[in-house]
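To start, the structure under review is shown below, and the notes come after it.
Position 1 is the first residue of the sequence, and the numbers go up from there. Small disclaimer: the values here were computed from a predicted structure and weren't measured.
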Amino acid sequence: MNQNVSEFLEKRLGRLHAKLRLGIETDHEAQVFGQGINYFHIENLTSSHFVIQACLRLTGLYGRGRRNAAQIEVRQNYIRSTQIPKAFDGYTILQLSDLHVDMSHDAMARLTAILREIDYDLCALTGDYRGQTFGPYAATLAGMSRICAEIKKPIYGVLGNHDTVCMLPGLEEMGIRMLLNECETIERDHQRIHLAGIDDAHFYLADNIEKAASGIPTDEFSILLSHTPEIYQQAAYADFNLLLSGHTHGGQICLPGRIPITLDSVLPRHMGSGPWKYRDMIGYTSVGAGSSVVPVRFNCPPEIALHYLQSSK
């Protein structure tokens, strides 16, 4: 990491947050066991990538899995709440998650075509832009630049467990307002909603929901962007109305009936994909547009999501 990036991060995030995130990355970014919310991190066990790919090739399934991984679907999700202001009735949020741009080339080509055809008011990126969890990230930034060129602004984003904080300057240069334990107010016709985002909570444990929520009035509609849905309880207790997340890939390699073998997360399995609810909070977990570990999918098509806000006042 060069001095310019270090100085940018200290100025942008504050000395303590920058030091915390960089320190954990230095000590743990490639760790297989013991760091983060869950104990085992298969994405950091590089030998497993070759074993899984070899098994799929031997069984003749690899080619089919690669084709499946490129078939991105557009999901539509309707969010109804009495706290959504009338001015935001019909407001549409495009959620893109788990792009893994540097290892999901076919999916990203398909995504580029889709982005030219859909309409929305705001784009939310819920993390994991990089394929690997450590190492170079220049190819990731180049891929994200191509995708962002097709996205209508405003764009907001958070970092995931695959993302180094050193990518932050490059991502923000593309016009993405990255939210790392921060909040923005979105105004429309003199009414407003609040959009907050937290740093990665799954592996780096750098999230601070209290800080992100500190300036949000409890009677106004608020959205939290988190790479992982595992913080669903904290988000609900912090009075967020909507949690948008990803991370799980919906299992990526699933049994028939979209039954995930693993979600790589500590949470109820029904929260592993699609819409769900916890207490008074609405949640949505995207299965992601890209793929991780091996660029294949079975019984779990990649997706992007269009969330339509509906005021029920």
Closest non-hydrogen atom pair between [X] and [Y], with its separation:
X: Ala69; Y: Pro302; result: O-CG, 3.5 Å
X: Ser245; Y: Pro229; result: OG-CB, 3.2 Å
X: Arg258; Y: Asn299; result: CG-O, 3.2 Å
X: Val287; Y: Pro301; result: CG2-O, 3.3 Å
X: Leu141; Y: Met167; result: CD2-O, 4.0 Å
X: Ala107; Y: Ala289; result: CB-O, 3.5 Å

Separation between [atom1] of [X] and [atom2] of [Y], rounded to the nearest 0.5 Å:
X: Tyr156; Y: Leu125; atom1: OH; atom2: CG; result: 12.0 Å
X: His227; Y: Leu225; atom1: NE2; atom2: CG; result: 12.5 Å
X: Ser222; Y: Leu242; atom1: OG; atom2: CG; result: 8.5 Å
X: Ile155; Y: Met144; atom1: CD1; atom2: CE; result: 8.0 Å
X: Leu122; Y: Leu309; atom1: CG; atom2: CG; result: 9.5 Å
X: Tyr91; Y: His307; atom1: OH; atom2: NE2; result: 13.0 Å

Indicate yes or no for a side-chain donor-acceptor contact from [X] to the backbone of [Y] under 3.5 Å, with no hydrogens or angles considered.
X: Asp163; Y: Tyr129; value: yes
X: Asp128; Y: Asn161; value: yes
X: Arg75; Y: Ser286; value: no
X: Arg279; Y: Met281; value: no
X: Asp98; Y: His249; value: no
X: Ser104; Y: Ser291; value: yes
X: Gln83; Y: Asp219; value: yes
X: Ser265; Y: Leu267; value: no
X: Thr59; Y: Leu56; value: yes
X: Thr248; Y: Gly272; value: yes

Can you tell me if CZ on Arg64 sees more than 12 non-hydrogen neighbours from other groups inside 6.0 Å?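 Incorrect, the count does not exceed 12.
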Taking atom NZ of Lys152 as the centre, report whether more than 12 heavy atoms of other residues, nucleotides or ligands fall under 6.0 Å from it.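 Correct, the count exceeds 12.
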Just do the side-chain contact (heavy atoms from CB on, under 4.5 Å) check on Gln53 and Val293 with the steps written out, would you? CA-CA 9 Å; Gln53 187 171 137; Val293 180; over 6 Å; no
Take Ile52 and Val296 through the side-chain contact (heavy atoms from CB on, under 4.5 Å) test and state the conclusion after the steps. CA-CA 10 Å; Ile52 295 170; Val296 299; 5.7 Å; no
Assess, by modelled atom type and distance only, whether the side chains of [X] and [Y] contain a donor and an acceptor separated by less than 3.5 Å.
X: His194; Y: Thr185; value: yes
X: Ser292; Y: Gln252; value: no
X: Arg67; Y: Gln71; value: no
X: Asn208; Y: His17; value: no
X: Glu150; Y: Thr112; value: no

Within one Ile-Leu-Val-Met-Phe-Trp-Tyr cluster: [X] and [Y], side-chain cutoff 4.5 Å:
X: Leu171; Y: Leu111; result: yes
X: Trp276; Y: Leu263; result: no
X: Leu244; Y: Val158; result: yes
X: Leu179; Y: Ile209; result: no
X: Val74; Y: Ile151; result: yes

Heavy-atom side-chain proximity of [X] to [Y] below 4.5 angstrom:
X: Leu159; Y: Tyr204; answer: no
X: Tyr232; Y: Lys277; answer: no
X: Asp199; Y: Leu13; answer: no
X: Asp119; Y: Thr92; answer: no
X: Leu22; Y: Cys166; answer: yes
X: Asn241; Y: Ile84; answer: no
X: Pro260; Y: Arg269; answer: yes
X: Ser226; Y: Ile198; answer: yes

For side-chain contact (heavy atoms from CB on, under 4.5 Å), just list the numbers for Leu61 and Phe298, CA-CA rounded to whole Å, side-chain angles, deciding distance to a tenth of an Å, and then say yes or no. CA-CA 9 Å; Leu61 292 172; Phe298 293 98; 3.8 Å; yes
Glu303 with Arg297: basic N within carboxylate O range, under 4.0 Å: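 No salt bridge links Glu303 with Arg297.
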Could you tell me how the ring of His247 sits relative to the ring of His202: parallel (under 30°), tilted (30 to 60°) or perpendicular (over 60°)? tilted
Assert yes or no for the condition that the ring centre distance of His162 to His100 is strictly below 6.0 Å. yes
Working for side-chain contact (heavy atoms from CB on, under 4.5 Å), residues Ile79 and Tyr284: CA-CA 10 Å; Ile79 298 161; Tyr284 188 92; over 6 Å; no
